[in-house]
Amino acid sequence: MSESSATITFANVSRFYGEVLGINKVSLAIPPGITSLVGPNGSGKTTLMNLVTGLIRPTQGEISVLGVPPNHPEKLCRLVGYCAQFDAFPKGMTGYQFIYSFLRMYGWSNQECDQRTQSSLQLVGLQDAANRHVGAYSKGMRQRVKLAQAIAHDPQVVILDEPLNGLDPLARAEALALFRQWGDQGRHVIVSSHILHEVDRISDQVILLSQGYVVAEGQIHSVRSEVKEQPMQIEVRCDRPGMLASRLFLQDHVVEAKVSPDGKGVLLRTKDADGFYLLLNQVILDSGLEVESVAPADDDVNSVYQYLIGAEGATV
Amino acid sequence: MNPALSSSWTRQIGGVMRLELKKAFLSKRGWWIYCLALGPIVLTLIHWLVFRSAVFTKSIQSQRHMSHSLGEDSLVFAALFMFYYLRAGIFFGCMGIFSNLFRGEMLEKTLHYYFLTPMRREMLVAGKYLAGLVVALVVWIGGVAVSF
């Protein structure tokens, strides 16, 4: 399989709505797995998703979804499933009819449509409510029936715009497990969400957007290590945090070191993480310090979001 | 033409029609079109009720021209058909039916469901047009027939 037929690529793509910028000069290659789109409202997340699904066309640049350009809906829409953020459904339909009716447009037989409808409803746990009107569903059920409709045709690319909205914690955990399962199956799962700690848990890579531009992309650890201007936060749990803090204060690269309230750890901010790890090894050898754990404290989507985009966009 | 492709297109158009017919006949958005189509029936009923109450009065009984005749009724219906159905009802009704096919979906934000299916845009338009045509025929032929 060629690389272009395994990735979603954006080559210098811009999209303007009249004079309003949607996204500008975006170049991306999205591999299989779970990719999270993160950014404040109006940053271009939905525009990016609509471009992938072919609902809108780029003003300039080229897009390829597993080798298929978005101006071929007959091919593209068999590959792509989209769960849009709109909480809108055709009137007067049951959950079953909603999924079944749109599956008919794939040209499949009644039997196949029925079978796919049943299995997608089962996947999201709505088989018991299949014959109730969608209008009578709760917010969480409507979200789930949208998910079922998006994946009923077994797409290779699943695009989910704010899929966790309105879901209770249990349903949210189930949805995240489902996304993880799809990601592990080698599908492209593109998720936009404001719930950053949950994005952090499931994402293989993130794309940070701000004002129509891609601010950062890649695995979150790589993105964090590229943010050089923000000192890394590292938490060390050990038996003599006071002693460790005093050693750390002697280093130029250590900006801050504070003993945690329970007195069993040190939280430090350093501009040179590698230098710190070398120093820590030295301290352990010199003084026999017993270290329980060493973990980065800001190596997550939320921190990277705060550093690159700022607190005004944070909705967590 | 490839028979498999043709069959797939037929199914796709059938799928669109099925969905659109359901929406057109069951949605609240189309209630005024039914009113428009059934308007003359109400007029005819009112006329019949007024006439029925009037025949009991002597003054009306004496006037032969007020009684029913197929010729007169045909003339009344022809006028109704010409001035009401052709010039107003069908024009505005079809405008409502056909503009609802796309505009209604845009207002309800459900058009993207169609655009996310692997069907040629021409098939979507054909399916919607045929559904609109069927709805228009059923509503207006039905309305005219009942009115007659």
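Only heavy atoms go into these numbers, but all of them, side chains included; no hydrogens, no water, no symmetry mates. Numbers restart at 1 for each chain; the letters A, B, ... are given by sequence-line order, proteins then strands.
Around atom CD of A:E62, no more than 12 heavy atoms belonging to other residues, nucleotides or ligands sit under 6.0 Å away. Around atom NZ of A:K139, more than 12 heavy atoms belonging to other residues, nucleotides or ligands sit under 6.0 Å away. Residue A:Q111 places its CD atom among 12 or fewer non-hydrogen atoms of other residues, nucleotides or ligands, all under 6.0 Å distant. Within 6.0 Å of CZ in B:F25 there are more than 12 heavy atoms belonging to other residues, nucleotides or ligands. No more than 12 heavy atoms of other residues, nucleotides or ligands shown are found within 6.0 angstrom of NZ on A:K91. The 12-atom threshold is not exceeded at OH of B:Y129, counting heavy atoms of other residues, nucleotides or ligands nearer than 6.0 Å.
Using cut-offs of 30° and 60° for the angle between ring planes, the B:Y113 and A:F89 rings count as parallel.
Atom OG of A:S109 is separated from atom CZ of B:R11 by 5.5 Å, given to the nearest 0.5 angstrom. Separating the CZ atom in A:F98 from the OG1 atom in B:T110 is a distance of 9.0 Å, to the nearest 0.5 Å. The distance from atom CE of B:M119 to atom CZ of A:F102, rounded to the nearest 0.5 Å, is 9.0 Å. B:M123 CE to A:M105 CE: the interatomic distance, rounded to the nearest 0.5 Å, is 13.5 Å. In this structure, CZ on A:R78 lies 9.5 Å from OG1 on B:T117, to the nearest 0.5 angstrom.
Contacts with chain A were tallied for B:V16, B:T10, B:L111, B:L124; B:V16 has the most, counting heavy-atom pairs under 4.5 Å. Counting heavy-atom pairs closer than 4.5 Å to chain A, the top residue among B:R121, B:K23, B:E105 is B:R121.
The contact between B:R18 and chain A is made entirely by side chain atoms (from C-beta outward), counting heavy-atom distances below 4.5 Å.
In terms of heavy-atom proximity, B:Q12 sits nearest to A:G107 at CG-N, 4.2 Å. The heavy-atom pair separating A:C77 from B:P118 by the smallest distance is CB-N, 3.5 Å. When all heavy atoms are compared, the tightest approach of B:G15 to A:R104 is CA-CB, 4.2 Å.
Counting heavy atoms from C-beta outward, A:P73 and B:F115 have side chains that stay 4.5 Å or more apart. Contact check for A:L55 versus B:L116: side-chain heavy atoms found under the 4.5 Å cut-off.
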Decide yes or no on side chain to side chain contact (heavy atoms under 4.5 Å, CB included) for A:M93 and B:L19, but give the supporting numbers first.
-> CA-CA 10 Å; A:M93 285 188 154; B:L19 196 53; 2.4 Å; yes
